[in-house]
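Please read the structure below before turning to the comments.
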Amino acid sequence: MTIRSVVAAAWERSAASRATGARRELAQARRSAADGWMATPPSLTLLHTTDRLNRNDGAREVEAELEVPLRTPGVRAAGAATAEAEATVLEGELTAARLGVAGEVREAIWKLRLTHTEVEANERRVADAEALAADVERRVRAGDLARVDANNARASVLIARVALADAVARVQREQRLYAALTGNAPIPGDTESPPASAELDAHPLLIAARAAADLARARLHEASTATRDHPELILGVKRERGEFGEHYANTTSVGVRVPFGSEARNRPLIGAANAEVIEAETTATQQRERLRAEAEAARAEVEQAQQAEAFAAERARLAADSRQLLAKAFELGQIDLPARLRAESEAYDADLALSRARLDSGRAASRLKQAYGLLP
């Protein structure tokens with residue numbers, strides 16, 4: 001398993017992924033509706049006239065009228081542009097949602113790796129503490145050390161076991177969270193390298209913000225274009241006679257209803273759309289500034305993590321050397337047990353700090369790619 005495949009598995013489980021098909025179908029339906037010439041579904045009027053209730057001379061009249069609301073070319077083009085902008089916004093939101101899932105997976109992976117490292121370090125610490133306690137017990141029985149030294153050695157074993165239990169509990173917690181996010185996918189073994197550079201213009205969040213601004217402008221244009229109600233094409237058929245014995249006369253009619261427009265009709269819609277444009281454009285500008293700041297902070301975090309890893313490596317080397325020297329001194333009786341235990345504790349702390357620093361460097365690289373909007 002790789003980080004990329006785990007992200008793919010988590011995306012398939014996400015709510016946004018499962019609703020993708022339905023949302024795309026909705027966007028396609030809106031585009032199809034906006035591309036049509038009919039503004040709304042047509043309406044049919046049926047009218048039957050008779051004198052049966054008064055004179056009953058046989059006068060009959062049946063009339064049917066079909067009214068078809070039509071879009072003008074300008075309104076139709078504006079509506080189609082709005083529907084296309086909505087589809088673009090949808091794709092941008094899906095890409096941004098996928099990036100969000102990638103960020104959650106990346107953090108979950110590094111947290112799980114860190115807790116596993118702590119468990120492994122504490123397991124070594126318990127094993128070494130037990131070996132030292134056994135050696136101290138042997139020397140106590142031989143009369144080389146006091147009983148209090150055996151008590152201190154056993155206490156160090158208990159302290160190491162408590163730390164191990166805490167680390168195991170953290171692993172179990174992070175494992176459950178990781179399983180809930182990824183569907184219990186195996187932990188990936190690869191790492192991510194920090195990118196040399198990247199363009200923020202291709203960041204999914206910035207693309208989504210710009211698409212939202214484009215949609216707001218398209219809605220403003222549509223509101224400004226539709227300044228009156230839709231014209232209607234009227235098709236009518238009439239069948240009538242004056243009295244009994246006459247033949248029915250059939251007539252047809254074709255008409256157009258053209259409503260008059262006014263500036264006040266769409267003024268509220270235009271005002272709301274204009275406010276939406278201002279808000280969306282401001283959001284896009286602020287989004288770019290925020291993303292730039294996050295990228296710069298992530299780049300600085302990579303550099304700091306690399307320096308910290310170098311310092312931790314040197315500290316671990318010095319602690320290991322001191323531990324080896326003090327272990328020989330303890331065997332020769334030149335130092336007491338507390339000094340030996342302090343050296344052991346310092347060596348384990350330095351090893352754990354080095355392991356954490358290495359993981360922090362990898363996590364910083366993943367965070368930098370996330371800040372640039374790069375998927376695994």
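Throughout, residue positions are numbered sequentially from 1 according to the sequence presented.
For the pair A78 and H221, the tightest heavy-atom approach, listed with the atom from each and the gap, is CB-CD2, 3.7 Å. Pairing each heavy atom of V302 with each of A364, the nearest pair is CG2-O, 3.4 Å.
More than 12 heavy-atom neighbours from other residues, nucleotides or ligands sit within 6.0 angstrom of CD on Q28. Around the CD atom of E246, the shell of radius 6.0 Å holds more than 12 heavy atoms that belong to other residues, nucleotides or ligands. More than 12 heavy atoms of other residues, nucleotides or ligands sit less than 6.0 Å from atom CZ of R13. In this structure, H247 places its NE2 atom where only 12 or fewer heavy-atom neighbours from other residues, nucleotides or ligands lie under 6.0 Å away.
Between R24 and E91 there is a salt bridge, since at least one side-chain N of the basic residue sits less than 4.0 Å from a carboxylate O of the acidic one. A salt bridge is absent between R219 and E222: the closest approach of a Lys/Arg side-chain nitrogen to an acidic carboxylate oxygen does not fall below 4.0 angstrom. A salt bridge does not link E84 with R30: every distance from a Lys NZ or Arg NE/NH1/NH2 to an Asp or Glu carboxylate oxygen is 4.0 Å or more. Salt bridge absent: R31 and E86 never bring a charged side-chain N and a carboxylate O closer than 4.0 Å. Taking a cutoff of 4.0 Å between a charged side-chain nitrogen and a carboxylate oxygen, D351 and R124 do not qualify as a salt bridge. No salt bridge links R60 with E240; every basic N to acidic carboxylate O contact stays at or beyond 4.0 Å. For E294 and R290, the salt-bridge test passes: some basic side-chain N is under 4.0 Å from an acidic carboxylate O.
Within the 4.5 Å cutoff, the side chain of I234 has no heavy atoms near those of the V256 side chain. Using a 4.5 Å cut-off on side-chain heavy atoms (C-beta onward), R23 and L94 make contact. With a 4.5 Å cut-off on side-chain heavy atoms, P195 and L374 count as touching.
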**OP:** Might you work through the side-chain hydrogen bond (donor to acceptor under 3.5 Å, both in side chains) test for E174 and T115, ending with a clear yes or no?
**Re:** CA-CA 8 Å; E174 295 299 333; T115 53; over 6 Å; no

Original post:
Hey, mind stepping through Q370 and R367 against side-chain hydrogen bond (donor to acceptor under 3.5 Å, both in side chains) and telling me if it holds?
Top reply: CA-CA 5 Å; Q370 183 74 18; R367 286 178 174 175; over 6 Å; no

Original post:
Should R76 and D35 be marked as a salt bridge (Lys or Arg N to Asp or Glu O under 4.0 Å) after you check the CA-CA gap, both sets of side-chain angles, and the distance that decides it?
Top reply: CA-CA 7 Å; R76 179 170 175 263; D35 195 49; 3.4 Å; yes

Could you list the donor-acceptor pairs under 3.5 angstrom formed between side-chain atoms of residues 338-346 and any protein atom two or more places apart in sequence or on another chain?
{"residue": "R340", "atom": "NE", "partner": "E344", "partner atom": "OE2", "Å": "3.1"}
{"residue": "R340", "atom": "NH2", "partner": "E344", "partner atom": "OE2", "Å": "3.1"}
{"residue": "E344", "atom": "OE1", "partner": "R323", "partner atom": "NE", "Å": "3.1"}
{"residue": "E344", "atom": "OE1", "partner": "R323", "partner atom": "NH2", "Å": "3.1"}
{"residue": "E344", "atom": "OE2", "partner": "R323", "partner atom": "NE", "Å": "3.3"}
{"residue": "E346", "atom": "OE2", "partner": "R315", "partner atom": "NE", "Å": "3.2"}
{"residue": "E346", "atom": "OE2", "partner": "R315", "partner atom": "NH2", "Å": "3.4"}

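For the residue pair E192 and S366, a side-chain donor N or O sits within less than 3.5 Å of a side-chain acceptor on the partner. Between the side chains of T2 and S5, at least one donor N or O sits under 3.5 Å from an acceptor N or O.
For residues 149-171, the salt bridge (Lys or Arg N to Asp or Glu O under 4.0 Å) pairs, not counting sequence neighbours, are E118-R170, E130-R161.
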